[in-house]
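Worksheet: the structure to be examined is printed underneath.
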Amino acid sequence: MPDLILSGVSKSFGSTRAVETTDLTFAEGQLTALLGPSGCGKTTLLRMLAGLENPTRGTIRLGHEDITDLPAHKRKFGMVFQSFALFPHYTVRENVAYSLIIGGTAKPEALEKAQTLLDTVQLSSFGDRRIGELSGGQRQRVAIARALAQEPKVFLLDEPMSALDAKLREEMQVELRLLQQRLGITTIVVTHDQREAMTMADTIVVMSNGRVEQVAPPKQIYHRPANSFVADFIGKANFFDGVYSDGSVQIGKLALDISANFAAGSPVRLAIRPESICLVTEPGQNCIDAEISFVRDLGPVKEYHLRSDIGPMIAEHAGTDGMDLMAGEKTLVHLPADTLRVYPQTAA
Amino acid sequence: MTVSENIQIAAERSPALVRRISPKTVLYAALSTLVVVFCIVPFILVIVISFGRKVDGAGWVWDLTFDNYQRFFVGVLWPDEVTFLYLQQLGNSFYFAVIASVLAVLTALPFTLLLTRLKRSAQAIWLVFILASLSMSEVFIVMGWDILLSNNSGLPKLFQVTGFTQWLKDVGWFQTLRDIGLANPRNVKFKPSGFATILTMSYLVWPYAVILLYPAFSRLDPSLAEAARTMGANRWTVIRTVTLPAIRLPLMGTTLLLFVFLLGSYVSVSVFATPDKQTTAVAIYSNIRGSNLDAPFGSAQAVILLISASVCLCFGHLLNSKAEAR
């Protein structure tokens, strides 16, 4: 199946700009996550892909075919809605067979295929049940089976896990990813949960205020965030504002060496992940004094809340590293230069 | 000893009794009495009177006779002759009520669907307008339609003046109108006719249809229709396979409610219907307050109309229950 390509696509509702001009390519057979906070335009973007909203500008192509003005019912894109949107007046099997029946497949044949799909999503014995008799997880599986019944060219999911509890959500993330890999279908998932995106996606598109902030694989998004918004939104990060000068950033009276170049005197923002901060005993490069203000033992990790001359910060250490510092104790904090990300402050 | 002293002594002797008769209890008792006096007693009176007997040249007397019910089903001349005049009137009641209620719901359906797609502020304006129209009485509405459809000053006159009637004659449709009783040799005419009766009755309950359907439509999850569209359904298929089945129960409920309401419609029928299409409601009025002065028979007709409406409601409820169970 060909790539899905957005060229210069934007969407406005009256005077409100929901999606800024966007160029994106959703690679064939890959799972892409549209990730961002509420109201960032990710669902609007997905709805434009589905044909439920018309772009204000730009074109959407499926390979060489321009589908910008193609109505939703002619696109053959399967979609799972946040509310699942299952038809309460049909049984589970009839829901799954819906697209086939209205597409002209004979009812017995459609119901038979629906049963096969129910087997795929492990709901073999639920075909005759009403939607109201299903749990949240079962409903989600029915919605997935229903969307896949028409053998869609592209599979779209709008926050499919948001109605599930935490444990079930994690199970379904893995299941959905395995299913997608097995079918090899181009899939786009909207989510505001970075953990969900990291678990499932080949590529993550981070969005904010209708803009695409970064498009990259999950690892790169986490370790090399393009700007301080991405660094802040994906995982946890400590931020420090300073001024660049000759290979280091001056923060108050302290200077931290960095491995990036800026114009001398540029205001910059440093970002570092909590797990990159080391609590050490020997002084060295980028080591500063700090006092522990609070310790949070989370089991697998310990979280140290620190006060220092460059500002407050949080450090995370594996709970099994034998370190047992208490609140009120003084320590040395090492901020390795290669883990410090530096961004111009204007982009922050 | 004064009254207040007596109450005080009684209260001291039986404090539990005083505690039990709280102001809340008094209020409930008063409200219950009002309901019984103004709602249940009139019903009981109608039922009791229906077993009474008319006295020729006078009023009626209490009795326990089934003659009135017998007369309703087989006519006054039974056993010498059987007539179904009153059953026919009941049939007319059903005929008008069914068609008018279905017509009102069918026309209110797309309107309400469009209404729920408007902005909230626009919806509010429309709803206020529709609610305001409910304040108009049946008499007022029928008077308006009477003028609108009158042969000398309403639409027929307008059709004649503008040449529309002549155009209908030229294209050959005038004869069709004559065949269905909506034209005389010279011009179109709307009254008296079943058409005008049904139109007015539908108009009368149309705002109720919108108000009753509105909550169901506004609760309808728009993603259901969107999901159907992404699965290849065009707009008509979405309406047929998703929207209508999803609101089937409110739709049936609304139709049934309007039907029962229209069973008792009086003014529209008496103004627009032809004499052979008069309904039970009109006959009841003639018997109780009109020229016949036969309150027992009028009451029997009212009881039968009430039972018919109840049977319809029960039947509708049964259908709803079955549909829900499915």
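A note on names: the letters A, B, ... follow the listed sequences, proteins ahead of strands, and every chain is numbered from 1.
- In this structure, B:Arg229 CZ and A:Lys74 NZ are separated by 12.0 Å, a value rounded to the nearest 0.5 Å.
- For A:Leu86, the part sitting under 4.5 Å from any heavy atom of chain B is the backbone (N, CA, C, O) and nothing else.
- Listed in order of number, the residues of residues 194-217 of chain B that approach chain A to under 4.5 Å between heavy atoms amount to none.
- Within residues 65-73 of chain A, the residues having any heavy atom under 4.5 Å from a heavy atom of chain B are, by residue number, A:Ala72, A:His73.
- At a 4.5 Å heavy-atom cutoff, A:Phe84 makes no contact with chain B through either its backbone or its side chain.
- Heavy-atom minimum distance, A:Phe81 versus B:Ser223: CD2-CB, 3.8 Å.
- Nearest approach of B:Thr230 to A:Gln150, heavy atoms of both residues: O-NE2, 2.9 Å.
- With 3.5 Å as the limit, one finds a donor-acceptor pair spanning the side chains of A:Tyr98 and B:Thr241.
- For the atom pair CG of B:Leu224 and NE2 of A:His89, the computed distance is 7.5 Å after rounding to the nearest 0.5 Å.
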*Give the intermediate values and the outcome of side-chain contact (heavy atoms from CB on, under 4.5 Å) for residues B:Val242 and A:Phe87.*
CA-CA 7 Å; B:Val242 178; A:Phe87 306 137; 3.8 Å; yes

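- At a 4.5 Å heavy-atom cutoff, the contact between B:Asp221 and chain A is made by side-chain atoms alone.
- Note: A:Ser83 leads A:Ser83, A:Ala50, A:Pro88 in heavy-atom pairs under 4.5 Å with chain B.
- Of the two parts of A:Arg47, only the side chain, counted from C-beta on, holds a non-hydrogen atom closer than 4.5 Å to a non-hydrogen atom of chain B.
- Atom CG of A:Asn95 and atom CE of B:Met231 lie 7.0 Å apart (nearest 0.5 Å).
- Residue contact with chain A, scored on non-hydrogen atoms closer than 4.5 Å, is absent for B:Ala225.
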